[in-house]
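Note that ligands are numbered from 1 as they come in the structure, with each ligand's atoms numbered from 1 the same way. Keep in mind the model is a prediction, meaning the values are calculated, not measured.
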Amino acid sequence: MSKRTVITFGTFDVFHVGHVRVLQRAAELGDRLVVGVSADALNIAKKGRPPVFNQEERLEIISALKVVDEVFVEESLELKRDYILRYGGDVLVMGDDWAGKFDWVGDVCDVVYLPRTPSVSTTGLIEHIASLG
Ligand code: CTP
């Protein structure tokens, strides 16, 4: 049987345990894990601020994980289907904060939403660190 490629996307800024768990669970759904790390420009457009760690740093962190086989920069949120086809994704995995939002790529791959790890987020961590003064 041919290898099953899992693809997922995210910012993965201020890397935390919720990130590592979603990547580990995504990897278990196939033989090969490809991760699209969102570009700094995308985050600036979406959140009005750049990530704490720039895209080269975030790519370096994600690519160092043993469950990750390949990384690339996600330049546009609208290109999900093109990225899935380009990287041969058989399964798209997203956190369930995105539940239902990517069903439109279901014509080219399976779509799986995994539950988020409770009580941790990059935004929460940034606020917590800022409050330490
Ligand atoms: N994720 C997760 N559990 C968490 C936080 C994130 O499973 N507690 C998953 C997301 O669902 C997504 C991936 O990790 O699939 C990358 O999420 P990202 O948005 O980069 O991280 P957040 O911590 O949610 O960042 P923010 O607070 O800026 O939204």
Side-chain angles (χ1 to χ4, degrees):
M1 222 176 80
S2 63
K3 291 205 167 187
R4 195 166 154 88
T5 296
V6 180
I7 187 164
T8 191
F9 296 84
T11 305
F12 302 102
D13 190 25
V14 190
F15 194 76
H16 59 67
V17 73
H19 294 151
V20 79
R21 287 185 190 161
V22 80
L23 293 173
Q24 285 169 335
R25 285 179 293 153
E28 284 168 9
L29 297 177
D31 305 295
R32 179 170 166 265
L33 178 60
V34 180
V35 183
V37 175
S38 61
D40 292 340
L42 263 186
N43 285 276
I44 293 167
K46 209 169 59 175
K47 296 184 181 168
R49 62 161 177 83
V52 174
F53 295 115
N54 69 39
Q55 66 193 49
E56 283 76 28
E57 293 166 328
R58 290 179 289 112
L59 275 172
E60 190 175 334
I61 291 165
I62 300 301
S63 63
L65 299 171
K66 66 181 176 199
V67 297
V68 174
D69 297 288
E70 188 171 357
V71 295
F72 65 92
V73 178
E74 179 186 25
E75 303 278 3
S76 164
L77 295 176
E78 283 74 44
L79 292 177
K80 285 272 183 319
R81 186 193 270 112
D82 303 65
Y83 291 126
I84 292 164
L85 293 172
R86 190 181 310 168
Y87 291 93
D90 300 297
V91 193
L92 169 67
V93 169
M94 298 296 294
D96 65 1
D97 40 331
W98 295 98
K101 301 249 169 61
F102 291 100
D103 292 355
W104 60 276
V105 300
D107 56 335
V108 295
C109 67
D110 295 336
V111 182
V112 175
Y113 302 99
L114 294 177
R116 282 170 68 91
T117 299
S119 313
V120 60
S121 71
T122 296
T123 305
L125 284 168
I126 292 171
E127 285 167 3
H128 177 75
I129 293 165
S131 78
L132 298 175

Within-cut-off N or O pair, Met94 and ligand 1, under 3.5 Å: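 No: no nitrogen or oxygen of Met94 is under 3.5 Å from one in ligand 1.
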
Backbone or side-chain N or O of Asp97 under 3.5 Å from ligand 1 N or O: yes

Which segment of Val120 sits under 4.0 Å of ligand 1 when only heavy atoms are counted: both

[atom]: the protein heavy-atom neighbour that sits closest, reported with distance to 0.1 Å:
{"atom": "atom 6 (C) of ligand 1", "answer": "Arg116 NH1, 3.5 Å"}
{"atom": "atom 15 (O) of ligand 1", "answer": "Gly95 N, 3.3 Å"}
{"atom": "atom 3 (N) of ligand 1", "answer": "Thr117 N, 3.0 Å"}
{"atom": "atom 21 (O) of ligand 1", "answer": "His19 NE2, 2.9 Å"}
{"atom": "atom 13 (C) of ligand 1", "answer": "Phe12 CE2, 3.7 Å"}

Contact summary for Asp31 and Asp69, nearest pair of heavy atoms: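 So the two residues come closest at O-OD2, 4.2 Å.
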
Minimum-distance pair of heavy atoms, taken over all atoms of Arg58 and Phe53: NE-O, 2.7 Å

Exercise answer: donor-acceptor pairs, residues 124-133 side-chain atoms, under 3.5 Å, sequence neighbours excluded:
| residue | atom | partner | partner atom | Å |
| --- | --- | --- | --- | --- |
| Ser131 | OG | His128 | O | 2.7 |

Neighbour count >12 (heavy atoms, 6.0 Å) for atom CD, Glu60: no

Distance-only polar pair, side chains of Asn43 and Thr11, donor-acceptor under 3.5 Å: yes

Which of the atoms of ligand 1 are close to [X], meaning less than 4.0 Å from one of its heavy atoms?
{"X": "Val22", "answer": "7 (O), 9 (C), 13 (C), 14 (O)"}
{"X": "Lys47", "answer": "26 (P), 28 (O), 29 (O)"}
{"X": "Thr11", "answer": "20 (O)"}

Under-4.0 Å protein heavy-atom contact, atom 23 (O) of ligand 1: yes

Phe72 and Tyr83 aromatic ring geometry - parallel, tilted or perpendicular at 30°/60° bounds: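 If you compare the ring of Tyr83 with that of Phe72, the planes turn out tilted.
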
Arg4 bridged to Asp90 by N-O distance under 4.0 Å: no

Sub-4.0 Å heavy-atom approach of His16 to ligand 1: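 Contact present.
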
Residues forming a ring-ring contact (aromatic ring centres under 6.0 Å, His included) with Phe15, sequence neighbours excluded: His19

Test log, rule side-chain hydrogen bond (donor to acceptor under 3.5 Å, both in side chains), inputs Asp103 and Tyr113: CA-CA 10 Å; Asp103 292 355; Tyr113 302 99; 2.6 Å; yes

Option nearest atom 27 (O) of ligand 1 (shortest heavy-atom distance, choices Thr123, Asp13, Val35, Leu125): Thr123

